[in-house]
Peer 1: 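Have a look at the structure that comes next, please.
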Number of protein chains: 2
Amino acid sequence: MRIGELAKKTGVPARMLRYYEEQGLISPRRLDNGYRMYDDYLVDRVKKIRGLVDSGIPTRIISSILPCLDQPQTIVVKNAEPGLRELLVTERDRMSDKIDFLIHNRDSITRYIEAIDAAATQEQSLEAG
Amino acid sequence: MRIGELAKKTGVPARMLRYYEEQGLISPRRLDNGYRMYDDYLVDRVKKIRGLVDSGIPTRIISSILPCLDQPQTIVVKNAEPGLRELLVTERDRMSDKIDFLIHNRDSITRYIEAIDAAATQEQSLEAG
DNA sequence: CTTGACCTTCACATTAGTGGCAGGGTCCAC
DNA sequence: GTGGACCCTGCCACTAATGTGAAGGTCAAG
């Protein structure tokens with residue numbers, strides 16, 4: 001598909017798709033007329049990139065972990081560069097920290113919302129009573 | 001405590017503490033000489049801010065949800081502004097999405113690391129055999 | 001064969017989050 | 001009473017991510 005369609009399917013503006021390409025996150029083929037051509041699997045990949053960016057992970061790091069995120073374990077595990085494992089562990093742990101942190105705070109917000117609702121309910125019963 | 005001590009305790013540079021203040025996230029008292037004075041409870045608050053920023057949440061939004069994150073439910077639930085609940089729900093859901101997303105990808109990374117280790121182990125047994 | 005919807009590159013602008021420094025005040029300890 | 005460690009404000013600069021728009025090529029449909 002061309003860039004406009006991919007943008008529509010992912011919700012990521014074409015501008016950003018070109019930017020991600022520039023950062024080495026995706027490498028669309030080119031048609032004879034110069035247009036970018038995106039394979040279907042890139043839809044998921046772009047969504048993944050968005051999610052990672054939105055979670056505060058810079059593109060520089062995304063580019064190094066992205067190949068490890070494709071589900072059917074890519075053939076690439078062979079001759080793993082020595083630094084790669086360490087990097088993955090670091091990033092994995094960082095993600096775990098974020099997860100724990102987000103869960104904790106999300107639950108706080110949920111409790112707060114419940115408190116608001118409880119207060120509203122109570123107020124209503126006061127009005128009625 | 002003064003800004004240097006808070007910086008040390010939180011790992012957040014003084015420069016950033018001033019920035020967070022500018023963004024309305026913390027409001028230290030001032031000594032007669034103009035020095036900022038931070039109460040102890042701000043240590044946790046600053047850590048919370050860091051975590052949220054690192055998770056890709058902009059300070060603008062942090063400032064609106066931060067009051068709802070203090071653990072002993074603040075007295076503030078009363079006269080909840082109408083938009084607040086909606087905003088909290090939105091942000092809570094956004095956080096839930098991030099959590100799911102991060103868990104999924106973290107697990108992918110973990111599997112990849114395990115694959116690396118398995119490959120290394122296998123290689124060793126080949127050498128030995 | 002022209003119009004409109006796409007696409008291209010290039011470039012400039014903005015925002016958020018940072019880092020860093022200069023010029024100057026405060027205060028403790030020697 | 002001086003030096004060093006701390007604080008202040010203000011400003012300039014940088015990066016990453018993003019918006020926007022100009023100037024121009026492609027192509028299908030009328």
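None of these values were measured; they are calculated from a predicted model. Reminder, nothing fancy here: chain letters follow the sequence lines and each chain counts from 1.
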Peer 1: Could you tell me how far apart A/Ile57 (CD1) and D/dA17 (C1') are, to the nearest whole angstrom?
Peer 2: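 Computing the A/Ile57:CD1 to D/dA17:C1' distance gives 15 Å.
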Peer 1: Taking everything shown except A/Glu86 itself, do over 12 heavy atoms lie less than 6.0 Å from its CD?
Peer 2: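 No - once you tally the heavy atoms of other residues, nucleotides and ligands closer than 6.0 Å, there are 12 at most.
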Peer 1: D/dG19, OP1 or OP2 - any side-chain N/O from A/Tyr19 closer than 4.0 Å?
Peer 2: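 For D/dG19, OP1/OP2 do not have a side-chain N/O of A/Tyr19 under 4.0 Å.
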Peer 1: Want to settle it: does B/Arg18 or B/Tyr35 sit nearer the 5' end of DNA chain C, counting the closest nucleotide to each?
Peer 2: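 It is B/Arg18 whose nearest nucleotide is closer to the 5' end.
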Peer 1: Over how many whole Å does the gap from B/Met37 atom CE to D/dC6 atom C1' extend?
Peer 2: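 Rounded to whole Å, this separation is 13 Å.
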Peer 1: Consider only side-chain N and O atoms of B/Tyr112 and A/Arg92, and report whether a donor and an acceptor are under 3.5 Å apart.
Peer 2: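 The answer is no; no qualifying pair exists.
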Peer 1: Between A/Gly4 and B/Ile62, who's closer to the 5' end of DNA chain C by nearest nucleotide?
Peer 2: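 Here A/Gly4 is the residue nearer the 5' end.
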Peer 1: With a 3.5 Å cut-off and no angle check, do the side chains of B/Arg45 and B/Tyr38 form a donor-acceptor pair?
Peer 2: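 Their side chains do not contain a donor-acceptor pair, so the 3.5 Å distance test is not met.
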Peer 1: From CZ of A/Arg15 over to P of C/dT14, roughly how many Å is that when rounded to an integer?
Peer 2: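 Between P of C/dT14 and CZ of A/Arg15: 15 Å.
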Peer 1: Let me know the distance between CD of A/Glu21 and C1' of D/dT18, rounded to the nearest Å.
Peer 2: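 To the nearest whole Å, that distance equals 17 Å.
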Peer 1: Rounded to whole angstroms, how far apart are CG on B/Leu25 and C1' on C/dG17?
Peer 2: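 Whole-Å distance recorded here is 12 Å.
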Peer 1: Across the strands shown, which category fits A/Ile3 at heavy-atom distances under 4.0 angstrom: base, sugar-phosphate, nothing?
Peer 2: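 Touches sugar-phosphate only.
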Peer 1: Out of C/dT8, D/dT9, C/dT18, which nucleotide sits closest to the side chain of A/Arg30?
Peer 2: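 Of the options given, the side chain of A/Arg30 lies nearest C/dT8.
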Peer 1: Remember a base hit wins even if backbone is also touched, and classify B/Arg60 as base, sugar-phosphate or nothing at under 4.0 Å, heavy atoms.
Peer 2: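 It contacts nothing in the nucleic acid.
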Peer 1: Specify the separation, in whole Å, of atom CD1 of A/Ile49 and atom C1' of D/dT18.
Peer 2: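 Whole-Å distance recorded here is 15 Å.
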Peer 1: Just call it for B/Arg2: base, sugar-phosphate, or nothing, with non-hydrogen atoms closer than 4.0 Å on any strand.
Peer 2: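 Sugar-phosphate contact only - B/Arg2 comes under 4.0 Å of backbone atoms but never of a base.
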Peer 1: OP1 or OP2 of D/dC7 sitting under 4.0 Å from any side-chain N/O of B/Asn33?
Peer 2: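 It does not, given that no N or O in the side chain of B/Asn33 lies less than 4.0 Å from OP1 or OP2 of D/dC7.
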Peer 1: How long is the line joining CG of A/Asp32 and P of C/dC6, in whole Å?
Peer 2: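 Spelled out: CG on A/Asp32 to P on C/dC6 is 22 Å.
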Peer 1: Kindly say whether A/Val43 contributes a backbone atom to a donor-acceptor pair with the side chain of A/Lys9 at under 3.5 angstrom?
Peer 2: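 Checking the backbone N and O of A/Val43 against the side chain of A/Lys9, no donor-acceptor pair under 3.5 Å is found.
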Peer 1: Between A/Glu22 (CD) and D/dT15 (C1'), how many Å, whole number?
Peer 2: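 Interatomic distance, CD of A/Glu22 to C1' of D/dT15: 13 Å.
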Peer 1: Is the shortest side-chain N/O distance from B/Arg36 to OP1 or OP2 of D/dT9 below 4.0 Å?
Peer 2: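 It does, given that an N or O in the side chain of B/Arg36 lies less than 4.0 Å from OP1 or OP2 of D/dT9.
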Peer 1: So, B/Arg18 and B/Glu21, do they make that salt bridge, N to O below 4.0 Å?
Peer 2: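 So B/Arg18 does not pair with B/Glu21 through a salt bridge.
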Peer 1: Under 4.0 Å: is that the gap between some side-chain N or O of A/Thr59 and OP1 or OP2 of D/dA17?
Peer 2: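 Answer is yes, contact under 4.0 Å.
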